[in-house]
Protein chains: 2
Amino acid sequence: MASARVYAGRSAEQRRAERRNRLLAAGLDLFGGQGYRNTSIEALCTAAGVSTRAFYEEFTGREDLLLALHDQVAARAYDAMVETAAALGDVPLPERTDAILCAFVRAACTDPKAARIAFAEVLGVSPAVDQHRLQWRNRFVEFAMVEIGRAIERGEAPQRDHGLTTIALIGAVNELVVEWVVRGRTVPLETIATEAARMAYAAFTAS
Amino acid sequence: MASARVYAGRSAEQRRAERRNRLLAAGLDLFGGQGYRNTSIEALCTAAGVSTRAFYEEFTGREDLLLALHDQVAARAYDAMVETAAALGDVPLPERTDAILCAFVRAACTDPKAARIAFAEVLGVSPAVDQHRLQWRNRFVEFAMVEIGRAIERGEAPQRDHGLTTIALIGAVNELVVEWVVRGRTVPLETIATEAARMAYAAFTAS
């Protein structure tokens, strides 16, 4: 016989995970559709079919849900980049930057609503969200610095400090994704990815 | 004898201009110091020594004052760039991008509080502010496209569509200024300007 804690064939843990996923889906749809500023906790709860009390059992507030969604997109894009780099083997820098930047752009833009959240809706929310963004940026900087170290070793990039170059490059790639996601996606994603790769190669190799 | 409309030797028009300038100075100090989100209209009025009623005679609201301050910085940086370009005469592209980007960065960062407003505080405020930023960005894109056209004509840049390159470059330069202004200005401004110029030259000449 089923224990008292199992309801409709699901454990309390399962039901809670489902509830969290429904809130994440509602956040993705509303923050990414009508925008973070225009979405109340009540609207999120209605869309997810959960009570306000249940919302606060999962997230400390609207901003916490925003950060969870941002993490999903950033992690997807980061992982895609790292996995692509690891699988590349011994290819020259132009092919390497091309493959890595395309992997990043494709993963970041798989879902236009998720991209809007991660690249536009997170701006100007609070110092805590800015700090969260900065932590992610630092992970991307670290990854890029390892790639640049490799390129320098192979004689494919000049021996210099690429720290600010990497920061500038991240600004460039972000602006390209914002261009795609906020301005109606009139440019094909492949064109955005190609431009991002061109900027990366040009920046890394500039003396 | 002075007319009734002159008070303490100043006309109503002069007094009104002074009042507006005091509000602009208060906005610069508070938006650029404690941040836009943390500054109320009451705080602005107290700092400027004007009444709330007087505030609304000059600006439609806090956002309107923010846009006026953004315009000041953007116009200063744009004008510096245009004037530098016009005075350069017939120099090769590396010197040209170097001089133009340095003029832009120096003018944008003359006042760190003004830079913070124009590059960080304006983010995520409202669709109207985003639209305002986009209009300025388009002016910078237009300027850059003229420069690129000139470089292509002279055989200094490859014949291709540099539209997205220019957008990416603006993202790169903005990120560098944000790095300088938001993160405590630990990097010398000249280093930021040099990096911006390197990115511009690399982006323009990339095939």
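What's counted below: heavy atoms across the whole structure, side chains too, no hydrogens, waters or symmetry copies. Bear in mind the structure is a predicted one, so any value in this text is a computation, not a measurement. All chains are named by letter (A, B, ...) in the order of the sequence lines, taking the proteins before the strands, and each is independently numbered beginning at 1.
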**Q** To the nearest 0.5 Å, what is the distance between CG on A:D161 and CD on B:E195?
**A** 8.5 Å
**Q** Donor-acceptor pair, B:R37 side chain versus A:P127 backbone, under 3.5 Å?
**A**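 Answer holds: no.
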**Q** Could you tell me which portion of A:S207 (side chain, backbone, both or neither) has an atom closer than 4.5 angstrom to a non-hydrogen atom of chain B?
**A** backbone
**Q** Only pairs of heavy atoms separated by less than 4.5 Å count here; which of B:R198, B:M199, B:E179 has the most with chain A?
**A** B:R198
**Q** Would you mind checking which part of B:V178 comes under 4.5 Å of any heavy atom in chain A, side chain (CB onward), backbone (N, CA, C, O), both or neither?
**A** neither
**Q** Rounded to the nearest 0.5 Å, how far does CD of B:E175 lie from CG of A:L169?
**A** 10.0 Å
**Q** Could you report the tightest heavy-atom contact between A:A202 and B:A206, atom names first, then the distance?
**A** CB-CB, 3.9 Å
**Q** Quickly, which of A:L123, A:V125, A:D130 forms a side-chain contact (heavy atoms from CB on, under 4.5 Å) with B:L123? Name it, please.
**A**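 The side-chain contact (heavy atoms from CB on, under 4.5 Å) with B:L123 is passed solely by A:L123 among A:L123, A:V125, A:D130.
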**Q** Do you know which two heavy atoms are closest between B:L176 and A:L164, and how far apart they sit?
**A**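 Heavy atoms of B:L176 and A:L164 come nearest at CD2-O, 3.6 Å.
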